[in-house]
Amino acid sequence: MPLIPKSHPRAKSLLIREKLVDGFDRGLVAKEGLLAQGRGEAFDYLLGEKTGKAATYAIKVAAAQLLLAKQPVISVNGNIAALCPKQIVKLSKQVKAKLEVNLFYTNEKRKQAIIKTLKKNGANEILGSKILSSRKLPGIDSARRIVDKDGIFVADVVVVPLEDGDRTIALRNVGKIVITFDLNPLSRTSQTANITIVDNVTRAIDLLINESKKLSKMNQKNLQKIINDFDNKNNLKESIIQIKNNLTRRSKIA
Ligand code: PTJ
């Protein structure tokens, strides 16, 4: 009998958790990545475990931004490699973005395991592992400061899914446009990115792939208009209101 029966009321959430645990056992995820998942789950619960209006809007803007980018890069950490390796490779192909492994809890063995997983899922080139290509991102002290000279270092748009706070600010300070997936609308990353998708990356990634496909037929002027009309701070407020409304509704039926 499976440990998590399909009939379990929280089967979906528990299966996502299993992906992380399995990723940990396969050497992809840092111990701290398991804790990060727990924090995300708590916010997902408060959001009603569904993609809200604000996230749907941010996904559309992110797609437009990725399609307009000249040198987009998707940064991959342990949690992303465990949760959605196939989709992250698919997105990189859809929007012609490079993939770069960039770890907070840096560890060569884990980096190589992540590269192997991405390759197994269809990636051709993965940046971030060659010492000779490494450069330092100013204004950040963690291992995330080490970036690839052909990737994040020269990128105009960087996707940093599921991230700790420091790097987004450092990337913004050197003029990069930052897109993130973060279930916590209050986190520093959420608050400082240009485009924050407040949703579970496991739900939002497919939506972003589909939206990128849809918008790929749109001209540059219209794509730019989608970006210009967007205000990240306002959109984050919508996600906070989504949480508030959920809590209000639940407080009435509790
Ligand atoms: O693999 P490494 O070494 O690069 O480390 C990766 C982690 C995730 C451990 C590292 O970046 C970290 O410590 O991140 P934080 O500071 O815990 O931040 C992670 C953010 O992602 C938090 O705001 C969580 O709420 C959010 N989060 C967690 N799971 C998900 C998520 N957001 C979207 N989808 C999720 N599944």
Side-chain angles (χ1 to χ4, degrees), residues 20 23 28-37 39-40 43 58 61-62 65-66 69-85 88 91-92 95 97-108 110-111 114-115 118 126-131 133-201 204-205 208 232-233 235-236:
L20 254 294
L28 301 171
V29 176
K31 273 190 226 132
E32 295 80 357
L34 300 174
L35 301 174
Q37 171 70 13
R39 177 152 48 174
F43 277 98
V61 183
Q65 187 66 81
L66 282 167
K70 291 193 171 57
Q71 302 195 71
V73 174
I74 302 170
S75 183
V76 182
N77 64 20
N79 287 45
I80 287 298
L83 287 173
C84 47
I88 215 80
L91 177 67
S92 78
V95 299
K98 290 182 179 171
L99 289 167
E100 178 167 340
V101 180
N102 180 284
L103 303 181
F104 184 82
Y105 300 99
T106 190
N107 169 325
E108 201 44 46
R110 194 155 65 87
K111 201 178 256 186
I114 292 170
I115 290 173
L118 292 174
I126 300 130
L127 303 171
S129 68
K130 291 197 191 103
I131 291 169
S133 298
S134 65
R135 297 289 181 275
K136 278 191 189 138
L137 190 68
I140 173 168
D141 295 329
S142 76
R144 286 214 195 279
R145 72 188 185 284
I146 309 297
V147 294
D148 197 297
K149 74 172 174 56
D150 301 313
I152 292 171
F153 195 68
V154 289
D156 54 348
V157 177
V158 190
V159 184
V160 294
L162 235 153
E163 175 86 12
D164 56 285
D166 294 354
R167 186 161 64 137
T168 301
I169 300 163
L171 289 169
R172 291 291 311 266
N173 284 343
V174 291
K176 318 248 181 232
I177 294 170
V178 179
I179 300 171
T180 190
F181 295 86
D182 194 331
L183 279 160
N184 176 4
L186 308 171
S187 77
R188 278 182 310 143
T189 296
S190 285
Q191 294 284 333
T192 51
N194 299 76
I195 304 164
T196 306
I197 300 166
V198 180
D199 196 10
N200 199 316
V201 69
I205 188 90
L208 181 55
N232 201 43
K233 287 266 185 226
N235 208 48
L236 284 169

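This structure is a prediction, so every number in the text was calculated from the model and none was measured.
Not counting sequence neighbours, the partners of Lys31 by the side chain to side chain contact (heavy atoms under 4.5 Å, CB included) test are Phe24. Not counting sequence neighbours, Asn79 has no partner by the side-chain hydrogen bond (donor to acceptor under 3.5 Å, both in side chains) test. Scored by the salt bridge (Lys or Arg N to Asp or Glu O under 4.0 Å) test, Arg188 finds Asp166 as partners (sequence neighbours excluded). Residues passing the side chain to side chain contact (heavy atoms under 4.5 Å, CB included) test with Ala204, sequence neighbours excluded: Ile59, Phe181, Ile197, Asp199. With sequence neighbours excluded, the residues satisfying salt bridge (Lys or Arg N to Asp or Glu O under 4.0 Å) with Glu163 are Arg144, Arg167. Under the rule for a side-chain hydrogen bond (donor to acceptor under 3.5 Å, both in side chains), the partners of Arg172 that lie at least two apart in sequence or sit in another chain are Asn194.
Across Ala81 and Ile114, no two heavy atoms sit closer than the pair CB-CG2, 3.7 Å. Closest approach of Asn77 and Leu103 over heavy atoms only: CA-CD2, 3.8 Å. In plain terms, the two heavy atoms of Leu137 and Ala170 that are nearest each other are CD2-CB, 4.1 Å. In this structure, Ser75 and Pro161 approach most closely via the heavy-atom pair O-CD, 3.1 Å. Scanning all heavy atoms of the two residues, the minimum distance from Leu20 to Gln37 falls at CD2-OE1, 3.7 Å. Scanning all heavy atoms of the two residues, the minimum distance from Ala82 to Val29 falls at CB-CG2, 3.5 Å.
Taken to the nearest 0.5 Å, the NZ atom of Lys98 stands 5.5 Å off from the CG atom of Asp150. Going from atom NZ of Lys111 over to atom CG of Asn102 covers 7.0 Å, rounded to the nearest 0.5 Å. Separating the CD atom in Glu100 from the CG atom in Leu118 is a distance of 12.0 Å, to the nearest 0.5 Å. The CD1 atom of Ile74 sits 5.5 Å away from atom CD1 of Ile88, with the distance rounded to the nearest 0.5 Å. The CD1 atom of Ile179 sits 11.5 Å away from atom OG1 of Thr168, with the distance rounded to the nearest 0.5 Å. Ile205 CD1 to Leu83 CG: the interatomic distance, rounded to the nearest 0.5 Å, is 10.5 Å.
In this structure, Lys176 contributes its side chain and Ala155 its backbone to a donor-acceptor pair below 3.5 Å. Here the side chain of Lys149 pairs no donor or acceptor atom with the backbone of Val154 at under 3.5 angstrom. When atom types are taken as modelled, the side chain of Gln71 and the backbone of Val157 share no donor-acceptor pair closer than 3.5 angstrom.
At a threshold of 4.5 Å between non-hydrogen side-chain atoms, the residues Arg110 and Tyr105 count as touching. Counting only heavy atoms from C-beta outward, the side chains of Asn173 and Ile169 approach each other to under 4.5 Å. Looking at Val147 and Val73, their side chains never come closer than 4.5 Å, going by heavy atoms from C-beta outward. With a 4.5 Å cut-off on side-chain heavy atoms, Asp148 and Arg135 do not count as touching.
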Margin query: Pair Asn200, Leu183 - check side chain to side chain contact (heavy atoms under 4.5 Å, CB included), show working.
Written below: CA-CA 6 Å; Asn200 199 316; Leu183 279 160; 4.0 Å; yes
Note to self: Quick one, Leu171 with Val160, criterion side chain to side chain contact (heavy atoms under 4.5 Å, CB included). Give me CA distance, side-chain angles, the key distance, then yes/no.
What the structure shows: CA-CA 10 Å; Leu171 289 169; Val160 294; 3.9 Å; yes
Item checked: Working for side chain to side chain contact (heavy atoms under 4.5 Å, CB included), residues Ser133 and Leu127 -> CA-CA 9 Å; Ser133 298; Leu127 303 171; over 6 Å; no
Checklist line | CA sep, side-chain torsions, deciding dist, call: Cys84, Ile80, side chain to side chain contact (heavy atoms under 4.5 Å, CB included) | finding: CA-CA 6 Å; Cys84 47; Ile80 287 298; 4.2 Å; yes
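Of the candidates Thr180, Asn232, Thr189, Asn232 is the only one forming a side-chain hydrogen bond (donor to acceptor under 3.5 Å, both in side chains) with Thr196.
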